[in-house]
Amino acid sequence: MNTVKINCNASWISELTNAGFGLVLRNSSCTFQAAECGWCRTFSAQEAEVVALLKAVQWAIRYNIQNLAIEGDNKETIRYLQGKLITVNWQCLAILEEVKLVASELVSFIGFQYVDRRANKVADLLAKEGRRSSSTDFWTDQAPSLLFPAIAFDTVKAYED
């Protein structure tokens with residue numbers, strides 16, 4: 001109760017093309033609050049996932065989001081942020097340490113949680129949109145229409161559990 005979550009994800013094809021990130025903020029009843037998507041350049045899919053996590057903690061600081069959990073579907077990076085011994089690309093370590101540093105400034109931060117890809121579909125759609133559009137977009141209150149089917153699916157699944 002009274003918690004919110006940011007789901008984050010990345011979309012990556014190759015180091016020669018833009019990667020995308022997607023963030024979606026929802027309250028404890030899975031109601032859409034805000035979303036953002038954008039692009040970056042990375043050398044690997046794992047680095048794109050790490051950048052998405054950094055964007056998520058920066059977003060939470062920028063908008064003073066409290067009582068927060070951050071969810072992602074990249075098991076290795078989430079486990080690393082949870083303090084578990086895991087091997088990640090050495091190129092990602094500096095960004096992951098920055099994620100931890102910024103997260104330490106969050107108020108009432110619940111932590112980083114791993115979720116299955118099927119539970120991260122909205123963030124995945126946003127990441128793909130960010131990669132394709134090569135721009136940064138932000139929405140509050142009303143989700144973009146491209147997310148309607150995925151949000152409806154998530155809402156139904158939330159009430160089934």
Closest approach of [X] to [Y] (non-hydrogen atoms, all atoms of both residues):
| X | Y | result |
| --- | --- | --- |
| Phe112 | Ala103 | CZ-CB, 3.9 Å |
| Asn7 | Ala119 | ND2-O, 3.7 Å |
| Leu23 | Cys8 | CD2-CB, 3.5 Å |
| Leu68 | Phe109 | O-CD1, 3.2 Å |

**Study point:** Thr136: partners by side-chain contact (heavy atoms from CB on, under 4.5 Å), with sequence neighbours left out
**Key:** Glu36

Point to revise | Contacts of Gln33 that satisfy side-chain contact (heavy atoms from CB on, under 4.5 Å) - sequence neighbours left out | key: Leu25, Asn27, Thr31

Review point. Among all residues two or more places apart in sequence or in another chain, which pass the ring pair (Phe, Tyr, Trp, His ring centres under 6.0 Å) test with Phe32?
Key: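 By the ring pair (Phe, Tyr, Trp, His ring centres under 6.0 Å) rule, Phe32 matches no residue at all.
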
In chain order, what residues pass the salt bridge (Lys or Arg N to Asp or Glu O under 4.0 Å) check against [X], with sequence neighbours excluded?
| X | answer |
| --- | --- |
| Glu15 | none |
| Lys75 | none |
| Asp116 | Arg118 |

Check your understanding: Hey, what's the ring geometry for Phe138 with Tyr63, parallel, tilted or perpendicular (30° and 60° as the breaks)?
Key -> parallel

Verify the cluster assignment for [X] and [Y]: are they in a single hydrophobic cluster under the rule of side-chain heavy atoms below 4.5 Å apart?
| X | Y | value |
| --- | --- | --- |
| Val99 | Ile86 | yes |
| Ile78 | Trp59 | yes |
| Leu93 | Val102 | yes |
| Val4 | Ile61 | yes |

Which residues share a side-chain hydrogen bond (donor to acceptor under 3.5 Å, both in side chains) with [X], sequence neighbours left out:
| X | value |
| --- | --- |
| Gln66 | Asn64 |
| Ser133 | Ser135 |
| Glu76 | none |

Review point. Is the closest side-chain donor-acceptor distance between Ser44 and Trp12 under 3.5 Å?
Key: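 Looking only at side-chain atoms, Trp12 and Ser44 do not form any donor-acceptor pair under 3.5 Å.
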
In Å, rounded to the nearest 0.5 Å, how long is the span from [atom1] of [X] to [atom2] of [Y]?
| X | Y | atom1 | atom2 | result |
| --- | --- | --- | --- | --- |
| Arg79 | Thr87 | CZ | OG1 | 10.5 Å |
| Arg132 | Thr17 | CZ | OG1 | 12.5 Å |
| Leu146 | Trp139 | CG | CH2 | 6.5 Å |
| Ile65 | Thr3 | CD1 | OG1 | 12.5 Å |
| Leu96 | Leu101 | CG | CG | 12.5 Å |
| Ile95 | Lys100 | CD1 | NZ | 14.0 Å |

Exercise for review: Answer yes or no: is there a side-chain heavy-atom contact under 4.5 Å between Ile70 and Gln113?
Suggested key: no

Check your understanding: With distance as the sole test, does Arg41 use its side chain to make a donor-acceptor pair with the main-chain N or O of Leu16 at under 3.5 Å?
Key -> yes

Practice item. Verify, without hydrogens or angle tests, whether Glu71 (side chain) and Ile6 (backbone) share a donor-acceptor contact under 3.5 angstrom. Key: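 Not at all, since once roles are kept as given, no pair shorter than 3.5 Å links the two residues.
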
Enumerate donor-acceptor pairs with a distance under 3.5 Å from any side-chain N or O in residues 122-131 to protein atoms, sequence neighbours excluded.
residue: Asp124; atom: OD1; partner: Asn9; partner atom: ND2; Å: 3.3
residue: Asp124; atom: OD2; partner: Lys128; partner atom: NZ; Å: 3.0
residue: Arg131; atom: NE; partner: Ser11; partner atom: OG; Å: 2.7
residue: Arg131; atom: NH2; partner: Ser11; partner atom: OG; Å: 3.4

Revision key, fill the gap. Residues pairing under side chain to side chain donor-acceptor pair (under 3.5 Å) where one sits in residues 102-111, two or more places apart or in two chains, turn out to be Asn67-Ser108

Point to revise | Residue Arg117 excluded, over 12 heavy atoms near CZ under 6.0 Å | key: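 Not buried by this count: 12 neighbours or fewer within 6.0 Å.
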
Contacts table for residues 47-58: side-chain donor-acceptor under 3.5 angstrom, sequence neighbours left out:
residue: Glu47; atom: OE1; partner: Phe43; partner atom: N; Å: 2.7

